[in-house]
Visitor: 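Shown below is the structure under consideration.
It should be emphasised that the depicted structure is a prediction, and the values quoted were computed from it without experimental measurement. By convention in this document, chain letters (A, B, ...) are assigned in the order of the sequence lines, proteins followed by strands, and residues within each chain are numbered from 1.
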Protein chains: 2
Amino acid sequence: MKALKQRSTCPISTSLDVLGDKWTLLIIRDMVFAGKSTYGQFLQSAEKMATNILADRLAVLESQGLLTKAVAADKKSKFTYRLTEKGVAIVPILVELVLWGAQHSATTIDPSLLAELQTGKDAAVEKYQRLARAELRS
Amino acid sequence: MKALKQRSTCPISTSLDVLGDKWTLLIIRDMVFAGKSTYGQFLQSAEKMATNILADRLAVLESQGLLTKAVAADKKSKFTYRLTEKGVAIVPILVELVLWGAQHSATTIDPSLLAELQTGKDAAVEKYQRLARAELRS
DNA sequence: CCTTTGCACTTGCAAATCGCAAGCAAATGT
DNA sequence: ACATTTGCTTGCGATTTGCAAGTGCAAAGG
């Protein structure tokens, strides 16, 4: 059990109690936009997160009910992490972070994805939420 | 100059390079939703942030162009912090954090504000961005 | 079988950051 | 003149991070 301390009852503050660090949302990003689902896949991201931090954050996310951990279908030595509905509900936050980053910093992003988010934000949110639920990719 | 290291060129990652901690977005929250603009006002928030952390985060936000610092109109010993356009553009992120927190955690929030955000998100975003630009509240 | 490989962590440790309390300096109030 | 307000800065112990190395376990190869 990873108990988090709640600093106040403000919804923004309680959200940040869980999501407010440099790594947690990157894990969810990898699950939503890159279809990743295993420990090894998360480690391969460009930001190179440390193994102990990843293990810690996955434990927090599981204990907070944002994702579930299960033995992989193919190998017993692998685990598959999947988003719960509470985790899927993070997608709108990720989309806003993409838009703000793309518009106010030097970043690299697939132009068609950016256009998709800018012109039809709600539709794009629903699309990626559907993908995350179904886990259609690999 | 508070230089931040950029971990990758992913827009979510670069956004988190600036916003990814437990305090930065609370400062912006106080400016947008509570109309706060001074060091002393930020310190009075329910989350009780430490004075050195506040000073550090304000310096980062200023150097990253999210807010400006100016001597207050009434007193020379006071400073007034105001959001730039880059800072005002954070409002959609805050709104999504409010909605996620309110729907998935035990929080306290003015029911009429929650209803406003749920039924007319875009209109609410524009309203609070307008307020932050004009700083109509003292 | 027995060894090797891949995967998912765990551990140790130095360095950075945080959180708390106290101190400080300039502008203001009385 | 003296005390107070305001906006920080400093010191320091505790926590968290980042890096490297090691561990345990299951499947694959020989």
Side-chain angles (χ1 to χ4, degrees), chain A residues 1-8 13 16-27 30-31 35-64 67-82 138, chain B residues 1-8 13 16-27 30-31 35-64 67-82 138:
Chain A
M1 306 272 178
K2 287 268 180 179
L4 294 184
K5 68 174 168 193
Q6 187 168 19
R7 293 174 295 172
S8 79
S13 170
L16 292 176
D17 287 339
V18 183
L19 308 174
D21 78 288
K22 296 203 185 305
W23 299 109
T24 301
L25 286 170
L26 293 185
I27 296 173
D30 284 349
M31 298 179 80
K36 296 184 181 177
S37 62
T38 68
Y39 186 92
Q41 288 176 324
F42 297 135
L43 283 183
Q44 289 163 24
S45 298
E47 294 84 10
K48 299 295 171 200
M49 105 177 77
T51 60
N52 54 347
I53 306 287
L54 175 57
D56 179 79
R57 293 303 184 280
L58 286 172
V60 170
L61 286 173
E62 190 188 2
S63 77
Q64 295 299 311
L67 52 78
T68 56
K69 179 182 183 177
V71 175
D74 53 336
K75 285 188 179 184
K76 278 186 186 169
S77 62
K78 275 175 76 174
F79 292 103
T80 300
Y81 295 92
R82 268 175 217 295
S138 75
Chain B
M1 305 275 178
K2 288 271 181 178
L4 294 183
K5 68 174 167 193
Q6 188 168 17
R7 293 173 294 171
S8 79
S13 170
L16 292 176
D17 287 338
V18 183
L19 308 174
D21 78 289
K22 296 204 184 305
W23 299 110
T24 301
L25 286 169
L26 292 185
I27 296 173
D30 284 349
M31 298 179 81
K36 296 184 180 178
S37 62
T38 69
Y39 186 94
Q41 289 176 323
F42 297 134
L43 282 183
Q44 288 163 25
S45 297
E47 294 83 10
K48 298 295 170 200
M49 103 177 78
T51 60
N52 53 347
I53 306 287
L54 175 58
D56 178 80
R57 294 303 184 280
L58 286 172
V60 170
L61 287 172
E62 191 189 1
S63 77
Q64 296 298 311
L67 52 77
T68 57
K69 178 183 183 178
V71 175
D74 53 336
K75 288 185 179 183
K76 277 185 187 170
S77 62
K78 276 173 77 172
F79 292 102
T80 300
Y81 295 92
R82 269 175 217 293
S138 67

Visitor: Considering only side-chain heavy atoms of Asn52(A), which listed nucleotide, dT10(C), dT9(D), dA27(C), is closest?
Guide: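 The nucleotide sitting nearest to the side chain is dT10(C).
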Visitor: Starting from C1' on dT6(D), measure out to CD on Gln41(B) and report it in whole angstrom.
Guide: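 In whole Å, dT6(D) C1' and Gln41(B) CD are 12 Å from each other.
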Visitor: Starting at CG of Leu58(A) and ending at P of dC9(C), how long is that distance when rounded to a whole Å?
Guide: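 Distance, rounded to whole Å: 7 Å.
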Visitor: Considering heavy-atom distances to DNA chain D, does Thr51(A) or Asp21(A) have its closest nucleotide positioned more toward the 5' end?
Guide: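 Its nucleotide being nearer the 5' end, the pick is Asp21(A).
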Visitor: Ignoring the backbone of Tyr39(B), work out which of dC9(C), dT9(D), dG12(C) is nearest its side chain.
Guide: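 Shortest atom-to-atom distance from the side chain points to dT9(D).
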Visitor: Does Trp23(B) put a side-chain nitrogen or oxygen below 4.0 Å from OP1 or OP2 of dC18(C)?
Guide: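 No, because none of the side-chain N or O atoms of Trp23(B) sits under 4.0 Å from OP1 or OP2 of dC18(C).
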Visitor: How close or far is atom C1' of dG18(D) from atom CD of Glu47(A), stated in whole angstroms?
Guide: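 Taking CD of Glu47(A) and C1' of dG18(D), I get 15 Å after rounding.
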Visitor: Mind listing the closest non-hydrogen atom pair of Lys48(A) and Gln44(A) along with its distance?
Guide: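 Lys48(A) and Gln44(A) have their closest heavy atoms at NZ-O, 4.0 Å.
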Visitor: Name the residue from Val60(B), Leu61(B), Ile53(B) that meets the side-chain contact (heavy atoms from CB on, under 4.5 Å) definition with Thr24(B).
Guide: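 When Val60(B), Leu61(B), Ile53(B) are each tested with Thr24(B), the side-chain contact (heavy atoms from CB on, under 4.5 Å) holds only for Leu61(B).
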Visitor: I'd like to know if the side chain of Lys22(A) reaches the main chain of Asp17(B), judged simply by a donor and an acceptor atom lying under 3.5 Å from each other, with no hydrogens or angles considered.
Guide: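 Yes.
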Visitor: Respond yes when some side-chain nitrogen or oxygen of Lys69(B) is under 4.0 Å from OP1 or OP2 of dC8(D), and no when none is.
Guide: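 Yes, because at least one side-chain N or O of Lys69(B) sits under 4.0 Å from OP1 or OP2 of dC8(D).
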Visitor: Among dA8(C), dC8(D), dC18(C), find the nucleotide with the atom closest to the side chain of Arg57(B).
Guide: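 The nucleotide sitting nearest to the side chain is dC18(C).
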Visitor: In whole Å, I'd like the distance from the CG atom of Leu54(B) to the P atom of dG7(D).
Guide: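 In whole Å, dG7(D) P and Leu54(B) CG are 10 Å from each other.
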Visitor: Where the side chain of Tyr39(B) meets the backbone of Tyr81(B), is there a donor-acceptor pair that is under 3.5 Å apart?
Guide: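 No, because the side chain of Tyr39(B) does not come within donor-acceptor range (under 3.5 Å) of the backbone of Tyr81(B).
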Visitor: Atom CD1 of Ile53(B) to atom C1' of dC12(D): distance rounded to whole Å?
Guide: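 Going from Ile53(B) (CD1) to dC12(D) (C1'), I get 14 Å.
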Visitor: At under 4.0 Å between heavy atoms, what does Phe42(A) touch on the DNA or RNA strands: base, sugar-phosphate, or nothing?
Guide: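 No contact.
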Visitor: What is the separation between atom CG on Leu26(B) and atom C1' on dC18(C), rounded to the nearest whole Å?
Guide: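 To the nearest whole Å, that distance equals 15 Å.
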Visitor: Of all the nucleotides listed (dG19(C), dG7(D), dT6(D)), which has the minimum atom distance to the side chain of Lys75(B)?
Guide: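 Selected nucleotide: dT6(D).
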Visitor: Of all the nucleotides listed (dG19(C), dG7(D), dC19(D)), which has the minimum atom distance to the side chain of Lys78(B)?
Guide: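 Nearest nucleotide to the side chain: dG7(D).
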Visitor: Just how far, in rounded Å, is C1' of dT16(D) from NZ of Lys22(B)?
Guide: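 Spelled out: NZ on Lys22(B) to C1' on dT16(D) is 11 Å.
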Visitor: Gln44(A) CD to dC7(C) P: how many Å, rounded?
Guide: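 My rounded result for the distance is 8 Å.
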Visitor: Sub-3.5 Å donor-acceptor pair from the side chain of Gln41(B) to the main-chain atoms of Ser37(B), do we have one?
Guide: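 At least one qualifying donor-acceptor pair exists.
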